[in-house]
Amino acid sequence: MNYFPDEVIEHVFGFITSHKERNAVSLVCKSWYKIERMSRQRVFIGNCYAISPEGVIARFPELKSLTLKGKPHFADFNLVPHDWGGILYPWIEAFAKSRVGLEELRLKRMVVSDESLELLSKSFVNFKALVLVSCEGFSTDGLAAVAANCRFLRELDLQENEVEDHRGHWISRFPESCTSLVSLNLACLKGEINLSALERLVARSPNLKSLRLSRAVPLDALQKILMRAPQLVDLGTGSFVHDPASDAYNKLKATILKCKSIKSLSGFLEVAPRCLSAIHPICHNLTSLNLSYAPGIHGNDLIKLIQHCRKLERLWILDCIGDKGLGIVASTCKELQELRVFPSDPYGVGNAAVTEEGLVAISAGCPKLHSLLYFCQQMTNAALITVAKNCSNFTRFRLCILDPIRPDPVTMQPLDEGFGAIVQSCKRLRRLSLSGLLTDRVFLYIGMYAEQLEMLSIAFAGDSDKGMLYVLNGCKKLRKLEIRDSPFGDTALLMDVGKYETMRSLWMSSCEVTLGGCKTLAKNRPMLNVEIINEDDQIDFSSDDRQKVGKMYLYRTLVGPRKDAPEFVWTL
Amino acid sequence: MSPPLLGVEEEGQSIDSSAASSLLDDSKNKLNLKATELRLGLPGSQSPERDPELSLLSSGKLDEKPLFPLLPLKDGICATSQKKNVVSGNKRGFSDTMDRFSEVKSSVYTEKNWMFHTAGPDSESPQSVAQGKFPGNSGMNVKLSSRPSGTQQAIMKEMAPNAVPEQPRATNGTCHNQAAASNNNSNAPAAKAQVVGWPPIRSFRKNTLATTSKNNDEVDGKPGPGALFVKVSMDGAPYLRKVDLRTYSNYGELSSALEKMFSCFTIGKLFRLSQCSANPVNVDPMGLLGREKLSESKLKDLLHGSEYVLTYEDKDSDWMLVGDVPWE
């Protein structure tokens, strides 16, 4: 390959898009490293503290698209204090200063201020796509700046963010000349929206393919909007409540019939079940359906809907569907690849929760299933073994039994054998979340069989350090390990300190790890940031090293301890 | 590690009605002790060794630790815990919680619609817990309602679905959590101990669902989402039942379901079925919503050859024969 001019190699590299592959390519030799880095346009940074913005710019000066992730995953579940970090602004500042030609920014679990959005909107002329997932710290003022200044905006995708809503006039800030929108997702906004401005925006966006509305958009406004955008491929409704006998509702039904391209449906943030029949006509085209934010729909109505959805590939639903409903899914949705069943009543006694029966039915009926998130009341080893036999394609398997240490209710045994069957059968498993009563044995199985495992989430499991050791020794491709409330301590933590530099991060909370153990690790491994989250001054830093550490988060980094750590975060 | 496992098994067994008695007895003994001890607790004290997210316990609970050093400190598992015993150590938060529990105690029910007359703290019996099949948490509910328990270093935060949004950030300690709990006690409590960050659902989703269910109540103009449970009692039966009207699509189904439910008691007897209503405004995890106040009625039981008629008492307190009004 050294006989080819660089331009040819660069051209070849253009066909290599996956980050992993590009990383691999850059390791071959110096000249490939150089060619690759000068031509890389999409950069993925899984931990914003692993590298500095200047470092990224220095290595990839031509970057156009940046993906950044901030807080650890368990921040989603209130385990990470509010101002832990993950702040966007320094990145925007650095990129603006170096005149990076940023066009796309995708963020997850980061703190995004209005100032950073404003700076973003003014610094990058060709900015096209902003995707914010589970972020916080901004308001509709920041969105207004993006709307007003990003003249070629194609994508504004807000997923599950905490947005301070200063009312809906920011939509009016899209100039009349803005006609480039392809994707607009406002589902997470809570406040009112200027409906006529929204309608006009949709009307002048002929390329709009994906539109997800917020709760503030009522059914009659939806109808008007759909009239303007019959070409939509992905629709998220807002409020789907109306008197089924009314004109407005009938008009909507007629309009929906015209939307023949809709393949993905979501929303229903408020829904009157009687109105659901309006969408039956488009169900046969749907490949993706998300009803997980619509708790008002009873199992029977869900079943009526799903019976029309033969092409479904992705289904996100609440456990109101019940085992019976999942049976219907299994017999109807033969193309199903991804299923997520969320609890409608996480803390009470669900009135139509799902059990192992539903999962077994799905595994038997849906041969293409590979991604699962399943909240249920109970699970048995027998069921998991059956699921493993039926379905060996799982790449993501996340099981959450609502009672976190529940054994197999039939045999009263831990669920070690069940999960063991899953990891043994599913050779391509990359992500696994465990729950239920589990001993060290399950980790023995995971270490032995889960060769492709990249992310493992453990809660209330295991008996001793051996459990964690099995995993650390066995799972060669492990990148992210997060553990809570499990009896793993310093012995496990310190057995193989080099391992953590092959991983992105390790989270341990409410385990048996001590301050001394963490200090030892930090001293031994300068390429790791070992952070202790010390809330309420629980830990007295100067004294007893034998104190147990409440929350520890460690990650590999090229840039040493971060400078924006709040006072309750200690980097050892 | 036996104490946490004890707690675990205790729970599991109470749920599964199998061979639980001995462990339950042990726990009961422990509970008795605890009940006494905890009343002496001091306010505001916090465990020096536990993680904040596990210390959602009231201070009274925390004081338990020096007295019961064998108890596992690391165990943050939801356990059967009734907040009753921790009231003394606390400020307002848990007292409010406690009141809620006393109200709920007599109407605790589970997914399978069993209802127990749990009159007082001693009414708990393994038998009652053991009846029927319970989903994981319900067994715990029953147990909870009848007995204060404090075996584990359990998280004792009451959660109603609406409580979730205010679920305290892990930074804040006990008091904050209690405040949050009290703030959210306007809804029927779930009667279950909670752990921070469990189940692992994104806060955004929890908040949204909570708001959505509340809105659905208002928006729909009729009883909101979820089940519409009515209490059904039978003369002479040791316990009542609950039925979810939403699972039936006509009177015939309701009638046969009730027949089946009460078949063990029916023969030759005259039944009186009572139904109750609940405040339609509150979001209730069991979906107890109903504008009409229903009370006494009789069951028509053709199978057993006795004459029963299903009646209800409407909001005007008139006795109405079931069947005239369309099922919707």
- Message: Under 4.5 Å from any heavy atom of chain B, what part of Phe74(A) do you find: side chain, backbone, both or neither?
- Response: neither
- Task: Might you point out which heavy atoms bring Arg215(A) and Ser239(A) nearest each other, and give the distance in Å?
- Result: O-CB, 3.4 Å
- Task: Please flag which part of Asn161(A) lies under 4.5 Å from any non-hydrogen atom of chain B: side chain, backbone, both or neither.
- Result: backbone
- Would Trp84(A) and Tyr553(A) count as a close aromatic pair, with their ring centres under 6.0 Å? yes
- Item | Which atoms of Leu318(A) approach chain B - backbone, side chain, both or neither, heavy atom under 4.5 Å | side chain
- Okay, Cys376(A) and chain B: the region with an atom under 4.5 Å from a heavy atom over there is neither
- Query: Any salt bridge between Lys108(A) and Glu160(A), counting N to O under 4.0 Å?
  - Reply: no
- Do you know which two heavy atoms are closest between Phe342(A) and Ser292(A), and how far apart they sit? CD1-CB, 3.5 Å
